[in-house]
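In what follows, chains are A, B, ... by sequence order, proteins preceding strands, each numbered from 1.
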Amino acid sequence: MKKIIVVGGGAAGIAAAQGALDAGADSVWLIDRNKELGGILRQCIHDGFGLNKYKASMTGPEYAVRSISEIYDNPRLHISRSTNVIGVKKHNDEYQIQIQNSEGLKWVGANSIVFATGCREKTRGMLMIPGTRPAGIFTAGLAQRLVNIENVMPGKRVVILGSGDIGLIMARRLCLEGAEVAAVIEIMKDSGGLSRNIRQCLLDFDIPLYTGHTVSKIIGRERVQAVEICEVDDNLSVKKETAQIIDCDTLILSVGLIPENEILSAAGAELCDGTENVKTDSYLQTSLDGVFLCGNSRYVHDLVDRVSAEGYAAGQNAALFIKMQNLIEFQDPVTMNAIKGIPQKTDIFCVLCPNGCRIKVDVNEKGERNISGNGCPKGVNFVEQESKTPSRIVTTTVKGESGRLIPVKSSLPISLDKAASYVKECQNMILSKNDLKEDRRIRVAGFPDAIGCYD
Amino acid sequence: MDNTYDIVIIGGGAVGCAIARELSKYRLKVAVAEKEPDVACGTSGRNSAVVHAGFNNKPDSLMAKFCVEGNLHFEEYCQELDVPYFKTGKLLVAFDKNDLETLQGLYRQGERNGCKGLFMLTAEELDRKAPYVKGIGAMFSSNTAIINPFLYTIALAENAHENGVEFLFNHELTGVNKEGDSYKLFFNNGLKETITARYVINSAGLYSDKVSQLFGINKYHIYPCRGQYLILDKRISDLIDIPVYPAPRKGIGGLGIHVTPTSDGTVILGPSAEYIDDCDDYESTRDVIDRLLDEASQLIPDIKRKYVIGQYTGIRSKQAPEAEGGFRDFTICAEEGTHLINLIGIESPGLTSSIPIARHVCSLVNQWIPLTETGTFIGKRKAPMRFRDLPDSEKERLINQCPEYGEVVCRCEGVTKKEIKDAIENPLGTVTIAGIKNRTRCMTGRCQGGVCLANLTEILINEYGYKPEDIVYRSEESKYYTGRVK
Ligand SMILES: Cc1cc2nc3c(=O)[nH]c(=O)nc-3n(C[C@H](O)[C@H](O)[C@H](O)COP(=O)(O)OP(=O)(O)OC[C@H]3O[C@@H](n4cnc5c(N)ncnc54)[C@H](O)[C@@H]3O)c2cc1C
Ligand SMILES: Cc1cc2nc3c(=O)[nH]c(=O)nc-3n(C[C@H](O)[C@H](O)[C@H](O)COP(=O)(O)OP(=O)(O)OC[C@H]3O[C@@H](n4cnc5c(N)ncnc54)[C@H](O)[C@@H]3O)c2cc1C
Ligand code: SF4
């Protein structure tokens with residue numbers, strides 16, 4: 001029996017397994033080093049996933065649980081968690097993969113492999129930010145995991161460097177959990193984050209965004225005490241005379257992601273010229289025959305739907321490869337491209353779904369309003385609501401009896417001025433069996449129910 | 001607890017710990033008082049980690065003597081202490097005629113000092129040895145080696161501890177009272193306790209002048225001189241397998257910016273030499289970072305900004321002020337009319353010299369208290385397993401024995417959960433994130449803790465009952481977290 005191994009059980013790996021199974025593979029083995037499948041999605045408890053794939057706006061954990069459930073019971077699928085893949089080599093006409101887990105260290109064979117190992121974050125060291133090296137410096141993804149999964153609060157007054165979506169999402173998240181976000185600093189002239197996220201993560205919370213600035217120095221011997229920020233010139237060099245100090249106890253770096261493909265490059269896969277990215281052809285195949293690559297380990301994606309589509313195609317081709325059939329060319333699915341950058345004052349960005357439409361309201365001489373730019377009728381209601389009481393779907397976590405955090409989202413939009421008290425209410429509760437209503441609903445005193453995501 | 005000791009050593013750096021270990025051979029009650037929560041928090045954890053051969057030092061100086069002696073025996077020390085040692089050799093590269101003359105001078109000086117394994121190389125020989133360096137000639141020192149200074153210092157301390165030395169962490173000496181033949185020592189740790197010591201050894205590194213002042217001896221002054229480093233990713237270490245130094249130039253307070261592989265497989269470049277005001281100003285600065293990259297890429301053109309994964313700084317404890325420049329010899333003496341032995345200005349090659357220095361200190365102690373061996377000293381230490389370095393068969397056996405070897409906590413460095421737990425349960429009983437990092441290499445790789453810090457935190461909280469707010473990076477003030485989210 002010919003075997004396919006999928007390395008990495010995030011969105012890409014799960015989809016790859018599904019693609020391979022759908023294409024008739026006899027045996028698919030999905031391996032992830034974490035205790036649970038889902039990859040980065042597990043910690044992305046915010047709303048905004050799955051519009052293309054599931055035609056619904058979901059949280060990361062919801063998306064993960066849903067996509068896992070689609071393949072979980074398949075008898076041709078074998079799943080190993082808490083298992084680390086540490087090497088690959090070619091052996092005769094099959095591949096050998098070295099895995100390490102608490103049962104041992106062994107080499108296992110596969111006829112085709114799909115790599116879906118995700119990405120890692122750029123660090124302070126890579127940026128070479130001058131200053132001291134105290135406690136209190138975190139990368140954004142690490143901070144996200146600490147807050148949303150490990151139930152650990154990184155700090156009380158935070159500066160975030162980088163206004164990409166992860167930085168923005170963390171700004172809101174920390175604010176809602178009671179920290180003060182003193183500033184978000186962006187070296188470029190405009191933010192690379194989605195306008196929708198700037199609206200709902202910064203503007204909603206009056207968090208100042210300094211574009212054309214960078215953190216020029218970290219201050220504090222033991223714990224971060226402040227950062228120095230400076231304007232930058234057109235070459236992105238610091239203009240020393242513009243230095244100002246912002247007091248904070250935490251610096252969060254959201255400065256980019258790098259595809260994780262050490263194992264593949266060590267196994268000899270060719271890289272794209274001048275980069276660390278592994279080269280793939282139009283079938284998502286690397287220079288190693290029968291070894292495919294997808295998701296954030298191929299390149300860093302914004303949208304999980306695309307990751308899933310790509311993973312699916314890679315899995316499918318792996319199955320076709322071992323059956324020696326023609327591979328199918330991968331075409332990136334056309335998705336609506338959400339608008340990026342800082343919104344104009346007059347812009348209204350609909351935040352109801354990941355499309356994040358820019359809606360224009362024109363009033364003609366007669367005083368009649370003309371609404372345009374909305375991708376669907378809900379946008380009209382949004383505009384109405386926004387002018388009266390801006391409201392948002394709020395996502396947070398509640399503590400289960402076991403101590404584990406359960407991601408939840410409000411079943412209805414909550415008016416912005418009450419969002420913090422909603423999160424506070426959730427902070428104080430410990431979820432017991434009695435709180436569980438039908439359909440994953442959790443009573444939150446004085447508020448709309450929260451919808452929990454458990455598997 | 002009986003708070004009276006025969007000897008209290010101030011400072012848990014490589015030198016203080018080496019002295020502690022030497023003294024643990026004798027019938028003495030010994031303690032090390034260290035202001036930080038762990039050993040190797042000062043200069044001993046912030047240097048180039050090179051076991052120098054001893055050709056740089058003035059003939060007949062203590063530096064030359066102890067460095068050569070240390071160099072010749074360092075491999076034995078490391079075997080005994082069960083810590084890594086790599087005899088890489090070292091290249092000093094000449095770029096012009098003056099450099100060549102300097103190197104010839106060093107060669108002769110080295111021979112005089114008793115160094116072994118020095119060779120002059122032509123440009124072709126250099127090219128064969130290190131094609132990535134473009135020089136007109138070089139000196140090769142085959143006896144130069146690299147070590148892991150954290151593991152080395154920790155090993156000295158643990159072995160001293162196994163042989164009966166007490167380690168008092170978070171004990172900053174702030175006051176001394178002479179009481180009869182002894183000293184009453186006061187510490188700045190919130191506790192009112194004092195300690196009585198018959199003899200004190202001041203091995204406080206950058207603060208040795210201030211500690212000496214507490215005993216009324218004011219004649220020393222330390223001029224801190226900072227050295228910044230950059231850490232490069234493993235990808236470049238395939239290329240660079242030997243420390244490469246430029247031929248030294250006059251007047252600088254160090255050996256010039258060099259490129260050195262580390263025992264962990266990364267590469268470091270640095271250090272700068274900047275006289276500063278504060279002994280704990282470990283800042284790195286933009287100008288120096290740029291200069292380091294510039295100079296290093298002149299030395300080795302393949303070095304690129306994109307390989308940088310981290311930074312650190314060390315501070316030299318110089319007795320020579322900036323105007324004088326260069327090196328003054330180590331000062332190691334029993335101060336007259338006191339029960340104090342001072343070690344002042346233990347700068348490079350202090351790491352290499354640490355055990356010879358310690359033996360010399362014992363001979364000074366012996367003049368006060370005749371030393372008699374305990375007869376129970378065991379110098380051989382067993383280090384916790386370093387899983388990653390083992391052959392596969394051995395790894396398999398270990399996982400079968402203890403499944404926690406199968407769980408990877410730090411993927412960049414391949415550190416397993418068992419190793420993390422060993423580090424948490426270390427014999428010195430100190431738990432800080434930096435301590436775990438220094439013992440295991442966790443958080444030192446490419447992602448610099450991006451993944452493994454959360455894993456570590458989870459282990460500390462779930463398996464050792466830590467509260468988030470009790471987890472510290474280095475000192476009590478460097479708390480990592482403010483508490484629970486909920
Ligand atoms: C903070 C953040 C916010 C985002 N917000 C949105 C959003 O709002 N909407 C949206 O559509 N998209 C969003 N995205 C993008 C999208 O979610 C991700 O691009 C996608 O989930 C990535 O999936 P992946 O499978 O490629 O990688 P990952 O999810 O990172 O999965 C990789 C998996 O591989 C495993 N692995 C790696 N190496 C090994 C090994 N050697 N052995 C075993 N296992 C291994 C890892 O443990 C991990 O589980 C966001 C991403 C981030 C980081
Ligand atoms: C940039 C640089 C590069 C170097 N490279 C090399 C090299 O390649 N090879 C080599 O051989 N040597 C090198 N050295 C030198 C070497 O690192 C030092 O000589 C050696 O580490 C000194 O050890 P120590 O124990 O004397 O000092 P430290 O390690 O500084 O220990 C002193 C300890 O005393 C403690 N202390 C201070 N005051 C008090 C107090 N009041 N109470 C209690 N405790 C106190 C401190 O916290 C500290 O832990 C280098 C040094 C520098 C700065
Ligand atoms: S207008 Fe419709 S499509 Fe556009 S963001 Fe709002 S809900 Fe989504």
Side-chain angles (χ1 to χ4, degrees), chain A residues 33 82-84 86 98 100-106 120-121 123-126 128-136 138-139 141-142 145-156 177-179 216-219 221-223 238 249-250 258 262 276 397-399 403 405 426-430, chain B residues 230-231 235 280-290 293 305-306 308-313 392 395-396 399-400 403-408 411-412 414 416-417 433 446-451 453-454 457-458 461-462 468-469 471-486:
Chain A
R33 63 175 153 221
S82 303
T83 299
N84 217 13
I86 52 180
Q98 192 176 28
Q100 179 181 352
N101 58 24
S102 54
E103 280 147 35
L105 180 76
K106 51 179 180 267
R120 68 193 145 85
E121 300 184 272
T123 65
R124 182 230 172 140
M126 294 177 188
M128 291 182 268
I129 306 174
T132 50
R133 276 161 298 279
F138 303 88
T139 52
L142 170 62
R145 176 171 159 201
L146 290 167
V147 173
N148 292 343
I149 296 180
E150 306 301 338
N151 192 5
V152 173
M153 198 65 183
K156 294 206 163 96
E177 290 295 358
S216 45
K217 188 163 141 186
I218 295 168
I219 301 165
R221 291 213 168 132
E222 300 297 329
R223 171 89 199 190
V238 164
D249 65 7
T250 305
I258 307 167
E262 257 165 74
E276 305 297 324
T397 55
V398 298
K399 198 158 141 182
L405 296 182
C426 292
Q427 249 176 21
N428 296 335
M429 60 197 240
I430 291 184
Chain B
L230 297 175
I231 310 171
R235 272 174 291 169
D280 58 353
D281 181 0
Y282 288 112
E283 260 184 51
S284 34
T285 56
R286 192 171 296 277
D287 311 349
V288 173
I289 292 172
D290 290 343
L293 278 167
R305 201 168 254 271
K306 66 173 184 191
V308 176
I309 59 166
Q311 302 141 282
Y312 69 98
T313 52
D392 282 0
K395 286 181 176 168
E396 261 181 77
I399 298 174
N400 282 335
E404 282 176 344
Y405 279 117
E407 293 178 48
V408 179
R411 60 176 196 223
C412 303
T416 66
K417 186 165 175 189
I433 297 286
R446 220 166 257 187
C447 83
Q448 293 280 296
V451 174
L453 176 63
T457 302
E458 188 198 340
I461 292 176
N462 292 346
E469 56 274 29
I471 298 176
V472 297
Y473 182 33
R474 288 185 290 253
S475 67
E476 290 300 312
E477 289 79 50
S478 61
K479 292 197 182 310
Y480 238 117
Y481 308 114
T482 48
R484 289 265 185 211
V485 179
K486 48 200 62 173

Is any side-chain heavy atom of I461(B) closer than 4.5 Å to a side-chain heavy atom of V152(A)? yes
Of the backbone (N, CA, C, O) and the side chain (C-beta and beyond), which part of T250(A) lies under 4.5 Å from a heavy atom of chain B, both, or neither? neither
Give a yes or no on whether the backbone of G450(B) and the side-chain of R120(A) come within a donor-acceptor separation of less than 3.5 Å. no
Do you know which of R474(B), E407(B), E404(B) has the most heavy-atom pairs with chain A at a distance under 4.5 angstrom? R474(B)
Stepwise, does the salt bridge (charged side-chain N to carboxylate O under 4.0 Å, His left out) test hold for E477(B) with R221(A)? CA-CA 9 Å; E477(B) 289 79 50; R221(A) 291 213 168 132; over 6 Å; no
Checking N400(B) side chain against G104(A) main chain: does a donor-acceptor pair fall under 3.5 Å? no
Would you mind telling me which of M126(A), Q100(A), Q427(A) has the largest number of heavy-atom pairs within less than 4.5 Å of chain B? Q100(A)
Holding to ring pair (Phe, Tyr, Trp, His ring centres under 6.0 Å), I want the full list of residues that pass it with Y405(B), two or more places apart in sequence or in another chain. F387(B)
Report the option among R305(B), R411(B), E476(B) that has the most heavy-atom pairs separated by less than 4.5 Å from atoms of chain A. R411(B)
Tell me, out of K399(A), R145(A), K156(A), who's got the most heavy-atom pairs with chain B below 4.5 Å. R145(A)
Please check if the side chain of N101(A) supplies one atom and the backbone of G406(B) the other of a donor-acceptor pair under 3.5 Å. no
Could you check whether T313(B) and R133(A), counting side-chain N and O atoms only, form a donor-acceptor pair closer than 3.5 Å? yes
Checking heavy atoms, do the side chain of E177(A), its backbone, both or neither come under 4.5 Å from chain B? side chain
Side chain S284(B), main chain G131(A), donor-acceptor under 3.5 Å: yes
Chain B heavy atoms under 4.5 Å from E103(A): which part of the residue, side chain, backbone, both or neither? backbone
Tell me, out of R446(B), E396(B), K306(B), K479(B), who's got the most heavy-atom pairs with chain A below 4.5 Å. R446(B)
Please classify the contact of D249(A) with chain B as side chain, backbone, both or neither, using a heavy-atom distance under 4.5 Å. side chain
Any non-hydrogen side-chain atom of V472(B) less than 4.5 Å from a side-chain atom of E222(A)? no
Please identify, among T83(A), I218(A), T132(A), the residue contributing the most non-hydrogen atom pairs under 4.5 Å to chain B. T132(A)
Working to the nearest 0.5 angstrom, can you tell me the gap between E458(B) CD and L146(A) CG? 10.5 Å
